[in-house]
Amino acid sequence: MRILAVILMLISLKSWANCDSNNDLGGISFDKNSSYFGKVGSQLLDAILDPTAPGYLRLEFAINSNEGDEQLRQYNLWLAQRRIDRVREYLGNKGFAAPVVSLIRTAATDTSRNLQLIWCEESDSAPKSLVADR
């Protein structure tokens with residue numbers, strides 16, 4: 001019975017983490033081999049610090065996991081995560097209170113070194129809280 005409860009919770013959580021990309025807030029660009037963003041990225045993040053609707057922020061970064069050898073793929077994955085971490089750290093330091101979800105797309109064919117910011121509005125089907133059954 002507990003296994004069924006966990007499976008149902010994971011299914012509902014997975015559907016909650018999906019959202020339409022209609023609320024694309026823009027992208028933060030990074031230089032090659034860098035996890036630092038510039039003034040334009042800071043201005044974009046500052047503009048979203050006070051969300052107008054309940055929901056969460058999804059950070060998406062695309063990499064091509066079929067490109068290069070294993071060492072290059074591992075480096076690209078590490079760099080993508082580092083870029084996401086920098087944005088999360090910036091938002092945390094500025095007091096951004098909404099939840100932040102990150103997604104690294106590894107099947108991308110066009111990698112632009114942009115981290116997309118997508119606002120996902122809370123829907124009626126989103127769980128208000130998750131409590132595990134002992």
Side-chain angles (χ1 to χ4, degrees):
M1 184 62 151
R2 290 181 189 192
I3 293 174
L4 180 60
V6 170
I7 291 171
L8 290 174
M9 183 179 75
L10 290 174
I11 290 170
S12 66
L13 184 60
K14 182 180 178 188
S15 65
W16 181 59
N18 293 328
C19 74
D20 295 329
S21 60
N22 295 340
N23 295 321
D24 191 340
L25 303 175
I28 298 174
S29 60
F30 294 86
D31 289 334
K32 187 174 184 178
N33 295 322
S34 176
S35 64
Y36 294 94
F37 53 91
K39 184 177 180 180
V40 173
S42 296
Q43 290 171 339
L44 178 60
L45 291 171
D46 289 344
I48 66 166
L49 287 176
D50 294 318
T52 57
Y56 62 96
L57 180 65
R58 187 169 77 191
L59 307 176
E60 285 189 15
F61 196 85
I63 62 171
N64 185 346
S65 63
N66 295 319
E67 188 174 74
D69 61 7
E70 182 63 25
Q71 187 176 8
L72 179 61
R73 289 191 296 268
Q74 288 299 318
Y75 172 75
N76 286 338
L77 187 59
W78 171 82
L79 187 58
Q81 186 60 54
R82 186 67 188 123
R83 289 168 172 167
I84 289 171
D85 291 344
R86 289 247 189 241
V87 170
R88 291 175 75 100
E89 181 181 344
Y90 183 90
L91 290 170
N93 289 340
K94 292 286 188 164
F96 187 72
V100 179
V101 174
S102 57
L103 173 66
I104 298 176
R105 296 188 179 274
T106 58
T109 55
D110 176 36
T111 54
S112 62
R113 295 192 309 266
N114 281 344
L115 186 132
Q116 289 304 120
L117 307 171
I118 300 169
W119 182 254
C120 301
E121 292 183 10
E122 189 176 281
S123 67
D124 293 335
S125 64
K128 302 300 181 213
S129 65
L130 298 174
V131 179
D133 182 25
R134 292 183 183 226

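Index from 1, following the sequence.
Every side chain to side chain contact (heavy atoms under 4.5 Å, CB included) that Glu70 has, sequence neighbours left out, goes to Arg73, Gln74. For Arg105, the side chain to side chain contact (heavy atoms under 4.5 Å, CB included) partners two or more places apart in sequence, or in a different chain, are Arg58, Glu60, Ala62, Leu103. Under the rule for a side chain to side chain contact (heavy atoms under 4.5 Å, CB included), the partners of Ala53 that lie at least two apart in sequence or sit in another chain are Trp119, Glu121. Applying the side chain to side chain contact (heavy atoms under 4.5 Å, CB included) criterion to Asn93, with sequence neighbours excluded, gives Glu89.
Between Thr106 atom OG1 and Asn76 atom CG the span is 11.5 Å, to the nearest 0.5 Å. Atom CZ of residue Arg113 and atom OG of residue Ser35 lie 13.0 Å apart, to the nearest 0.5 angstrom. Between the CD1 atom of Ile48 and the CZ atom of Phe96 there is a distance of 5.0 Å, given to the nearest 0.5 Å.
The two residues Arg83 and Asn33 make their nearest non-hydrogen contact at NH2-N, 3.7 Å. Contact detail for Asp46 and Lys94: the closest heavy-atom pair is OD1-CE, 3.7 Å. Shortest non-hydrogen contact noted between Pro51 and Ala98 is CG-CB, 4.3 Å. Contact record, Leu117 with Asp24: O-OD1, 3.3 Å, taken as the closest heavy-atom pair.
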Pairs of donor and acceptor atoms involving the side chains of residues 36-44, under 3.5 Å and at least two apart or interchain, shall be tabulated with distances.
residue: Tyr36; atom: OH; partner: Arg86; partner atom: NH2; Å: 2.7
residue: Ser42; atom: OG; partner: Gly38; partner atom: O; Å: 3.3

| request: Kindly determine whether Ile28 and Phe61 satisfy side chain to side chain contact (heavy atoms under 4.5 Å, CB included), including the steps that lead there. | output: CA-CA 10 Å; Ile28 298 174; Phe61 196 85; over 6 Å; no

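For the residue pair Asp69 / Tyr75, no side-chain donor-acceptor distance below 3.5 Å is found, with atom types taken as modelled.
Phe30 and Leu79 fall into different hydrophobic clusters, where Ile, Leu, Val, Met, Phe, Trp and Tyr residues are linked whenever their side-chain heavy atoms come under 4.5 Å apart, directly or through other members. If you chain together hydrophobic residues whose side chains sit under 4.5 Å apart, Leu25 and Val100 fall into the same group. Each of Trp78 and Leu59 belongs to its own hydrophobic cluster when Ile, Leu, Val, Met, Phe, Trp and Tyr are linked at side-chain heavy-atom distances under 4.5 angstrom.
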